[in-house]
Each structure stands twice: as structure tokens, then as C-alpha cells.
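Every heavy atom of this structure was used, including side-chain atoms; hydrogens, water molecules and symmetry mates were not.
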Amino acid sequence: MFGWMAEPAGWAALLTLSAMEIVLGIDNVVFISVLVARLPPAQAERARRIGLALALVFRVALLFTLTAIMKLTEPVFTVLGEGVSWRDIILLAGGLFLIVKATHEIHVSMEGDHGVEAHRQAPNMFLAAIAQIAVIDLVFSIDSIVTAIGMADDVSIMVTAVVIAMIVMYAASGVVGRFIAAHPTTKMLALSFLILIGVSLVAEGSGFHLPRAYIYCSMAFAAAVEAINILAGRKRKSPGTGAPHAVGEDTRAN
């Protein structure tokens with residue numbers, strides 16, 4: 001089962017697939033980070049762990065049902081001469097869900113919670129967050145595993161790559177979540193990312209392939225600009241920035 005470990009080609013496939021799974025996991029990390037931001041810190045951490053655990057379980061379970069996964073790509077009906085598969089339907093539903101959820105979160109951020117804040121401690125908020133994470137985990141898992149199947153033939157390579165990617169996602173999700181919580185403006189940027197990801201999923205489900213490289217490059221550029229703004233803001237707020245001016249005033253006074 002692990003005979004690939006004695007071959008350079010096997011390790012090359014593992015590294016390539018792990019990198020791809022990590023990149024595809026960015027969507028998952030952003031969604032979970034935004035969703036748990038509305039929960040109290042203790043519940044947010046718990047929801048984050050459960051969400052990532054579900055993502056790992058879904059991905060590994062799907063890898064051991066490769067026959068069923070491949071059937072998801074077979075057309076089940078035709079629309080305007082184009083075949084529509086279960087994978088297309090799942091991507092369409094998941095993309096629309098992301099767009100609606102992100103739009104709702106933007107509306108709440110701009111217009112206020114209108115009473116939602118008072119019920120934040122209620123158990124149903126936590127359960128609702130877990131349910132939404134589970135739904136989007138399934139969508140991202142199917143998209144990720146279908147892509148992985150075309151890159152490797154050995155199930156053990158795919159499982160190892162998924163586990164490595166999930167470890168990286170777990171480490172990154174905490175950092176991303178804390179950063180979004182500490183910088184409210186980044187939440188709006190993350191929500192915009194989710195709308196972009198949702199549009200790409202809808203396009204993919206509709207038969208229009210959007211290269212992920214374009215999407216991730218756009219996200220990276222926007223994140224870099226936001227990082228520069230944050231650093232510039234910190235510099236402006238730094239107490240030391242006013243020191244030279246104050247010294248000059250004291251000198252003239254003397």
C-alpha cells in the first residue's frame with residue numbers, strides 16, 4: 001500500500017498533491033474563520049476544531065468511496081444540450097450558499113445585528129455554525145477530492161496529502177481567525193473573498209471553468225494591500241511618530 005515511498009515519483013506526487021490540497025483548503029479556512037467570528041471565544045475555538053475535523057473526515061471518507069465519487073461526475077439530466085451531474089448540482093448549491101451567507105454577513109456588519117448580539121450565547125447559534133460549516137465542508141471536500149483523483153492513483157498518497165493539508169489548515173485557521181477578530185476591516189475583505197469563491201463555484205457548476213490561479217492571485221493581492229494598510233495604520237498610531245515634532249517645539253520655546 002505504501003510502496004510509493006520507495007520511489008521518487010511517489011514523493012513528487014505527494015508533494016504536488018499536498019500543495020494543491022493546501023491551496024484548495026484556503027477557501028475552507030476563510031469560511032470557518034468568518035463564521036466562528038460571531039461566536040464567543042470559547043465556542044469559536046470549539047467550532048473551529050469541529051469544523052476542521054469534519055473537513056478531514058469528509059475528505060478521507062470520500063477517498064475510500066472513489067467509485068461513488070466518480071459517478072458524481074456523470075450527467076444525471078440535460079439542460080440546453082449540456083449534461084448536469086451531481087457534482088455540478090452540489091457546486092451550484094454550495095456557491096449560492098456562500099454568496100447568500102457572505103452577503104448576509106456584510107449586511108449585518110453594515111446595518112447592525114438588530115438583536116442577534118443578545119442571543120449570541122444561545123446554543124442554537126453554535127449548532128447553526130456547526131451545521132453551516134458541515135455543509136460547506138462537504139462542498140469543498142467533493143471539489144477537492146475530484147481534483148485529487150486526477151493527480152494521483154494511489155489512495156494512500158491521497159490520504160497522506162489530505163492529512164498534511166488539514167494539519168496546515170488547522171495551524172493557519174487559528175492565525176487567520178485571530179487576525180480577522182483583531183482587525184474588523186479584514187472581515188469585510190474575507191467576506192468579499194467568499195463571494196468571489198461562491199461565484200467561482202457557481203461558474204464551475206454551470207460548466208464554465210475559472211482558473212483557480214486567477215482567483216487566488218486576486219485574493220493574495222487584496223490581502224497584501226490590506227496588510228500594508230494595517231501596517232501604515234499602526235505606524236500612524238505609534239506614540240513615537242510625534243516625538244520629533246514635540247522636541248522641536250520645546251527647543252523653540254527655550
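- In terms of hydrophobic clustering, with Ile, Leu, Val, Met, Phe, Trp and Tyr side chains grouped at heavy-atom distances under 4.5 Å, Ile32 and Ile167 are assigned to a common cluster.
- Under the 4.5 Å side-chain heavy-atom criterion for ILVMFWY residues, a single connected hydrophobic cluster contains both Leu127 and Phe31.
- In this structure the side chain of Ile89 reaches within 4.5 angstrom of the side chain of Phe77, judged on heavy atoms.
- No side-chain heavy atom of Leu92 sits less than 4.5 Å from a side-chain heavy atom of Phe97.
- The shortest heavy-atom contact between Ala47 and Ile130 is CA-CD1, 3.7 Å.
- Between atom CD1 of residue Ile22 and atom CD1 of residue Ile164 there is a gap of 7.5 Å, rounded to the nearest 0.5 Å.
- For the residue pair Gly83 and Pro75, the shortest heavy atom distance occurs at CA-CB, 3.9 Å.
- By the side-chain hydrogen bond (donor to acceptor under 3.5 Å, both in side chains) test, Ser33 is found to be paired with no residue, residues two or more places apart in sequence or in another chain being considered.
- Residues Ser85 and Glu74 come closest through the heavy atom pair CB-O, 3.3 Å.
- Val29 and Tyr170 fall within the same hydrophobic cluster, defined by Ile, Leu, Val, Met, Phe, Trp and Tyr side-chain heavy atoms under 4.5 Å apart, directly or through other members.
- Side-chain contact between Val199 and Leu98 is absent, with no heavy atoms from C-beta onward closer than 4.5 Å.
- Nearest heavy atom pair, residue Leu54 against residue Ala134, reads CD1-CB, 3.9 Å.
- Put simply, CZ on Arg87 and CD on Glu204 are 5.5 Å apart, with the number rounded to the nearest 0.5 Å.
- In the hydrophobic clustering of this structure, Leu196 groups with Leu189; members are Ile, Leu, Val, Met, Phe, Trp, Tyr whose side-chain heavy atoms approach within less than 4.5 Å, directly or through other members.
- Nearest approach of Leu201 to Gly94, heavy atoms of both residues: CD1-C, 4.3 Å.
- Side-chain contact between Lys101 and Leu35: present, with at least one pair of heavy atoms (C-beta onward) separated by less than 4.5 Å.
- In this structure, CG in Asn28 is found 6.5 Å from OG in Ser141, a value given to the nearest 0.5 Å.
- A donor-acceptor contact shorter than 3.5 Å links the side chain of Gln132 to the backbone of Ala128.
- The side-chain hydrogen bond (donor to acceptor under 3.5 Å, both in side chains) test applied to Glu45 returns Arg48, Arg49, not counting sequence neighbours.
- Separating the CE atom in Met166 from the OG atom in Ser18 is a distance of 13.0 Å, to the nearest 0.5 Å.
- Side-chain contact check for Val202 versus Leu91: every heavy-atom pair is 4.5 Å or farther apart.
- Between Ser206 and Asp88 there is no side-chain heavy-atom pair separated by less than 4.5 Å.
- With a 4.5 Å cut-off on side-chain heavy atoms, Ile26 and Phe193 do not count as touching.
- Between the Ser200 side chain and the Ile197 main chain, a donor and an acceptor come within less than 3.5 Å of each other.
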Practice task
Check the pair Lys187, Glu105 against side-chain contact (heavy atoms from CB on, under 4.5 Å), reporting the backbone distance first and the verdict last.
Solution key: CA-CA 9 Å; Lys187 181 178 180 181; Glu105 290 292 329; 3.8 Å; yes
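- Minimum heavy-atom separation, Val30 to Leu194: CG1-CD2, 3.9 Å.
- If you chain together hydrophobic residues whose side chains sit under 4.5 Å apart, Met125 and Val36 fall into the same group.
- For the pair Ile133/Ile50, no side-chain contact is recorded, criterion being any heavy-atom separation below 4.5 Å from C-beta on.
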